[in-house]
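Worksheet: one structure, shown below.
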Protein chains: 2
Amino acid sequence: MARAATTTDAFNAVAEPRRREILDVLTQGERPVGELVEILGLVQPQVSRHLRVLREVGAVEVREEGRQRLYSLNPQALKPIHDWVSGYQHLWEERFELLDGVLAGLQQEDTQE
Amino acid sequence: MARAATTTDAFNAVAEPRRREILDVLTQGERPVGELVEILGLVQPQVSRHLRVLREVGAVEVREEGRQRLYSLNPQALKPIHDWVSGYQHLWEERFELLDGVLAGLQQEDTQE
DNA sequence: CCAATGCATATCCATATGGATATATGATGA
DNA sequence: TCATCATATATCCATATGGATATGCATTGG
């Protein structure tokens, strides 16, 4: 087989920088496709396809209004990514951890003595 | 063109679940390839290739010891992912707050009638 | 009712992927 | 030196990708 489909999960969907850009724009609020096209400087079919991928992994939602489709963010779809990567945060902030440990130790000594 | 190479950045590298698994294992400390093969239940060439991808994006480092290659984690390579996704955290937390608000409102209606 | 607008979808192409398997490389021990 | 172990690399295959372009399909304004 080939690489997992981009629509497999948020990790794959979000590996594409353009799709992250789209999400970033949508943090400002609902946007019609045309506006995303303008902002991103892509041709419309590409934006539509990126949006489809994002929709399939639940990262965006559509609302129809006349001939426009208004896309909005569904940030919870990104939670699994956050959950996973957060497990690593303390590793690059190890210094703080160590400091915390030291402080905890000192405090315990304090209370015990 | 095709999809961006898996070695393009941490986002692409980590989109593959096996590679996330490898990183997860390495949080426990340095491991030789053979051990990763055992733990993951993959054939050795695949593990080696995943490790290569992870190395190219800076997520792991190798140390040679005799005929073994000991791989260790370089968690900072994941920081860009954390940075990006963290910008969304308050959005899904906000949703709960909103929901709480709505529920509270409904409840108040109930009690008021 | 027709033309235009806003999007979605279909198709063509080049490419890198992950799985599988085979082989190369390099260190070690006898 | 030779066999073995640990790992890397090469190759073959099927597949989904993203870019580009063309087209389909509603909705709307005149």
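A note on names: the letters A, B, ... follow the listed sequences, proteins ahead of strands, and every chain is numbered from 1.
The residues A/Arg20 and A/Glu16 are annotated as not salt-bridged, no charged nitrogen and carboxylate oxygen being separated by less than 4.0 angstrom. Taking a cutoff of 4.0 Å between a charged side-chain nitrogen and a carboxylate oxygen, B/Arg63 and B/Glu65 qualify as a salt bridge.
Contact annotation: A/Thr6 side-chain N/O to D/dT17 OP1/OP2 distance is under 4.0 Å. Checking the phosphate oxygens (OP1, OP2) of C/dG6, no side-chain nitrogen or oxygen of A/Gln44 falls inside 4.0 Å. OP1 or OP2 of D/dG19 sits under 4.0 Å from a side-chain N or O of A/His50. Here B/Tyr71 does not reach the OP1 or OP2 of D/dA6: none of its side-chain N or O atoms lies under 4.0 Å away. Taking only side-chain nitrogens and oxygens, B/Gln46 never comes nearer than 4.0 Å to OP1 or OP2 of C/dG18. OP1 or OP2 of C/dG18 has at least one side-chain nitrogen or oxygen of B/Arg19 nearer than 4.0 Å.
Side-chain proximity of B/Arg67 to D/dT7, C/dT15, C/dG26: nearest is C/dG26. Of the candidates D/dA6, C/dC7, D/dG18, the closest approach to any side-chain atom of A/Arg69 belongs to C/dC7. Proximity note for A/Ala2 (side chain, C-beta onward) versus D/dT17, D/dA14, C/dC7: the nearest is D/dA14.
Residue-level contact check: B/Gln68 touches the backbone only, with heavy atoms under 4.0 Å from sugar-phosphate atoms and none from bases. Within 4.0 Å (heavy atoms only), B/Arg55 reaches no atom of the nucleic acid at all. Nucleic acid contact for B/Pro45: base, since at least one base atom lies under 4.0 Å from a heavy atom of the residue. A/Arg52 comes within 4.0 angstrom of sugar-phosphate atoms only, judged by non-hydrogen atoms across all strands, and of no base.
B/His82 and A/His82 have parallel rings, their planes meeting at less than 30° on a 0 to 90° scale where 60° marks the start of perpendicular.
Side-chain atoms of A/Arg31 never come within 3.5 Å of backbone atoms of A/Leu26 as a donor-acceptor pair (strictly under, hydrogens ignored).
Looking at which nucleotide of DNA chain C each of A/Leu51 and A/Arg3 is closest to, the 5′-most match is held by A/Leu51.
The base of C/dG18 does not come close enough to the side chain of B/Arg18 for any donor and acceptor atom to sit less than 3.5 Å apart.
Residue A/Leu70 is not grouped with residue A/Ile22 when hydrophobic side chains (ILVMFWY) are merged at heavy-atom distances under 4.5 angstrom, including chains of intermediate members.
Atom CG of A/Leu42 and atom P of D/dA20 are 9 Å apart (whole Å). Spacing between atom CG of B/Leu70 and atom P of D/dT7 amounts to 8 Å, rounded to whole angstrom units. We find that CD of A/Glu16 is positioned 15 Å from C1' of C/dT17, with the value rounded to whole Å.
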